[in-house]
A.B. asks: 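Pasting in a structure now, in structure tokens, and then I'll have a few things to ask.
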Amino acid sequence: MPHSFLYIANPARIVFGPGSLAQINDEVRQLGCAQALVLSTPSRRKDAERLNQQLGNLGVGVFSEAAMHTPVEVTERALQAYAAMGADCVIALGGGSTIGLGKAIAYRNNAPQVVIATTYAGSEVTAILGQTEDGVKTTVKHESILPEVVIYDAELTLGLPVSTSVTSALNAMAHALEGLYAKERNPITALMAVEGIGVLKEALPIIVQQPENLEARNNALYGAWLCGTVLGTVGMALHHKLCHTLGGSFNLPHAETHAIMLPHTMAYNAQAAAEMLAPAAELFAGDLGGGLYDFAQGLQAPLALKELGLAEADLDKVADLAVQNPYWNPQPIERQAVRELLQRAWSGTRPE
Ligand code: NAD
């Protein structure tokens with residue numbers, strides 16, 4: 001227990017449990033809203049239309065162009081739709097991409113947001129928005145970005161493909177693991193982080209075997225909420241910086257990149273943050289880097305950046321970008337060591 005700490009909780013309303021989507025109309029009304037615009041990715045449009053029908057008079061329509069990394073041109077089209085349909089709030093039905101669009105709208109017009117989270121990425125409980133314009137990804141943090149209401153209904157995650165479930169949950173674990181050694185860490189986020197990692201570690205092998213196991217899906221959403229809350233409360237370090245660089249500048253897919261990098265970044269910080277990481281290391285037989293690698297391998301997660309199409313020749317540039325703008329990390333950021341880490345992650349070598 002640290003002698004002193006600062007703890008600031010994000011004011012979100014969490015509605016958790018299988019079947020909780022049934023409460024959507026009450027949640028919209030309780031926000032004081034009556035004209036909801038439903039957001040989704042193109043592939044989830046049918047679900048969004050069904051939700052719009054369920055909303056009855058409270059739904060004004062669907063905007064289904066949400067895309068990874070929240071392109072600003074999509075946000076601009078969504079804002080036009082919002083105004084044209086006379087909407088007074090947004091409902092984001094989906095994962096981080098759809099939630100990002102809802103946040104981007106709210107950041108510009110202060111729209112109240114209801115999120116129905118259907119992956120484990122955790123964006124729904126953070127006041128952080130990452131968006132891209134002309135190929136450049138920038139991140140903003142603002143209270144208008146934090147969704148007001150989050151509904152976690154595991155029934156909506158039963159069809160989330162196993163591979164997406166696995167990478168998305170490893171993304172969630174990354175938030176919690178970096179939260180354990182964050183500069184602003186505190187006893188409450190540490191409790192959430194360890195519980196979140198433990199719950200996901202138990203749930204994932206079951207989901208791989210039985211994707212429609214409601215109890216495992218429900219537990220995974222609980223873990224994802226905890227891990228996302230950690231992300232929304234304390235700062236992140238080397239792992240998120242590297243993934244941000246790989247996603248933002250090399251267009252690698254978000255969750256897969258997190259899944260591949262996690263064993264390597266944890267191995268990098270394992271000694272410097274040994275005490276803080278100890279409760280998590282215990283879950284992986286005392287070897288966080290190797291243990292996470294074995295765990296990911298057992299779940300058939302991608303293990304090598306080369307599988308995602310990153311050229312080996314780009315590793316130097318990734319290392320250069322990642323060590324620019326010094327930021328806090330328990331183990332000092334050294335270019336040579338980061339370059340070696342990247343080489344291992346690129347080839348998919350188990351961390352020592
Ligand atoms: P995603 O939202 O892109 O979803 C991946 C795919 O799965 C999409 O095609 C989506 O339509 C589909 N999908 C989602 N839920 C489904 C379901 N239940 N059943 C079937 N298919 C489903 O992926 P993600 O990993 O959730 O989000 C990644 C994005 O979120 C990135 O842009 C990342 O930067 C952002 N993100 C932001 C934060 C934050 O705090 N700002 C945190 C985490 C992630």
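In listed order, ligands and their atoms are each counted from 1. Worth saying up front: this structure is predicted, and the values here are computed from it rather than measured.
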A.B. asks: Can you tell which part of T118 has a heavy atom less than 4.0 Å from ligand 1: side chain, backbone, both or neither?
C.D. replies: both
A.B. asks: Just going by heavy-atom distances, which of H254, E124, R44 is nearest to atom 20 (C) of ligand 1?
C.D. replies: R44
A.B. asks: Among residues at least two apart in sequence or on other chains, which ones pass ring-ring contact (aromatic ring centres under 6.0 Å, His included) with F295?
C.D. replies: F284
A.B. asks: Kindly give the cluster partners of Y293, where membership spreads through any ILVMFWY side chain lying under 4.5 Å from a current member.
C.D. replies: L303
A.B. asks: Just which atoms of ligand 1 are under 4.0 Å from any heavy atom in K103?
C.D. replies: 39 (C), 40 (O), 41 (N)
A.B. asks: So do R108 and S144 actually touch side chain to side chain, heavy atoms under 4.5 Å?
C.D. replies: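 Side chain of S144 against side chain of R108, heavy atoms only: no contact under 4.5 Å found.
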A.B. asks: Quick check: do N52 and V60 have side-chain heavy atoms less than 4.5 Å from each other?
C.D. replies: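 When only atoms from C-beta onward are counted, V60 and N52 do not touch, as no gap falls below 4.5 Å.
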A.B. asks: Which protein heavy atom lies closest to atom 7 (O) of ligand 1, and at what distance to 0.1 Å?
C.D. replies: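 Heavy-atom neighbour on the protein nearest atom 7 (O) of ligand 1: T164 CG2, 4.3 Å.
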A.B. asks: One residue to check: T119. Relative to ligand 1, which of side chain, backbone, both or neither has a non-hydrogen atom less than 4.0 Å away?
C.D. replies: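 The answer is the side chain of T119.
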A.B. asks: So, N10 side chain and G232 main chain: donor-acceptor pair closer than 3.5 Å or not?
C.D. replies: yes
A.B. asks: Could you list the atoms of ligand 1 found under 4.0 angstrom from a heavy atom of G95?
C.D. replies: 2 (O), 26 (O)
A.B. asks: For ligand 1, indicate whether the residue L156 contacts it via side chain, backbone, both or neither (heavy-atom separation under 4.0 Å).
C.D. replies: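 Backbone only.
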A.B. asks: Is any side-chain heavy atom of V149 less than 4.5 Å from a side-chain heavy atom of Q113?
C.D. replies: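 The answer is no, as the side chains (C-beta and beyond) never meet within the 4.5 Å cut-off.
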A.B. asks: Protein heavy atoms: any of them under 4.0 Å from atom 31 (C) of ligand 1?
C.D. replies: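 Protein heavy atoms within 4.0 Å of atom 31 (C) of ligand 1 - there is at least one.
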A.B. asks: Give me the atom names and distance for the closest heavy-atom approach of L31 to P112.
C.D. replies: CD1-CB, 4.1 Å
A.B. asks: Which is closest to atom 29 (C) of ligand 1 in terms of heavy atoms, G96, A92, G94?
C.D. replies: G96
A.B. asks: Does K137 approach ligand 1 within less than 4.0 angstrom via side chain, backbone, both or neither, non-hydrogen atoms only?
C.D. replies: side chain
A.B. asks: Can the ring centroids of H175 and H240 be said to lie less than 6.0 angstrom from one another?
C.D. replies: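 H175 vs H240: aromatic centres under 6.0 Å.
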A.B. asks: Judged by non-hydrogen atoms, does G159 sit under 4.0 Å from ligand 1?
C.D. replies: yes
A.B. asks: Which residue and non-hydrogen atom of the protein lie closest to atom 11 (O) of ligand 1, and at what distance in Å?
C.D. replies: T41 OG1, 2.6 Å
A.B. asks: Where on A121 is there a heavy atom closer than 4.0 Å to ligand 1, on the side chain, on the backbone, on both, or on neither?
C.D. replies: both
A.B. asks: Might you point out which heavy atoms bring V230 and G179 nearest each other, and give the distance in Å?
C.D. replies: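 The answer is CG1-CA, 3.6 Å.
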A.B. asks: Identify the protein heavy atom lying closest to atom 9 (O) of ligand 1, giving its residue, its atom name and the separation to 0.1 Å.
C.D. replies: S43 OG, 3.8 Å
A.B. asks: For atom 40 (O) of ligand 1, what's the nearest protein heavy atom and its distance?
C.D. replies: T126 OG1, 2.7 Å
A.B. asks: Do any non-hydrogen protein atoms sit less than 4.0 Å from atom 16 (C) of ligand 1?
C.D. replies: yes
A.B. asks: Of the listed options (G228, A255, A127, S97), which comes nearest to atom 1 (P) of ligand 1 when hydrogens are ignored and any heavy atom counts?
C.D. replies: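 Of the listed residues, S97 has the closest heavy atom.
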A.B. asks: Examine ligand 1 and decide if any of its atoms is less than 4.0 Å from a heavy atom belonging to M236.
C.D. replies: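 Distance cut 4.0 Å: M236 fails for ligand 1.
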A.B. asks: Starting from atom 41 (N) of ligand 1, locate the nearest protein heavy atom and write down its residue, its atom name and how far away it is, to 0.1 Å.
C.D. replies: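 Of every protein heavy atom, I128 O, 2.9 Å lies nearest to atom 41 (N) of ligand 1.
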A.B. asks: Is G100 close enough to touch ligand 1? Criterion: a residue heavy atom under 4.0 Å from a ligand atom.
C.D. replies: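 Not so, G100 does not reach ligand 1.
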A.B. asks: Is any side-chain heavy atom of L101 closer than 4.5 Å to a side-chain heavy atom of F63?
C.D. replies: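 They are in contact (side-chain heavy atoms under 4.5 Å apart), so the answer is yes.
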A.B. asks: Do L341 and L242 have side-chain heavy atoms sitting under 4.5 Å apart?
C.D. replies: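 When only atoms from C-beta onward are counted, L242 and L341 do touch, with a gap below 4.5 Å.
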A.B. asks: Report the nearest protein non-hydrogen atom to atom 22 (C) of ligand 1: residue, atom name, distance rounded to 0.1 Å.
C.D. replies: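 Its nearest protein heavy-atom neighbour is L160 CD1, 3.6 Å.
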A.B. asks: If we ignore angles and hydrogens, is there a donor and acceptor under 3.5 Å between the side chains of K317 and S249?
C.D. replies: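 No, S249 and K317 have no side-chain donor paired with an acceptor closer than 3.5 Å.
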A.B. asks: Using a 4.0 Å cut-off to any heavy atom of H69, which atoms of ligand 1 qualify?
C.D. replies: 32 (O)
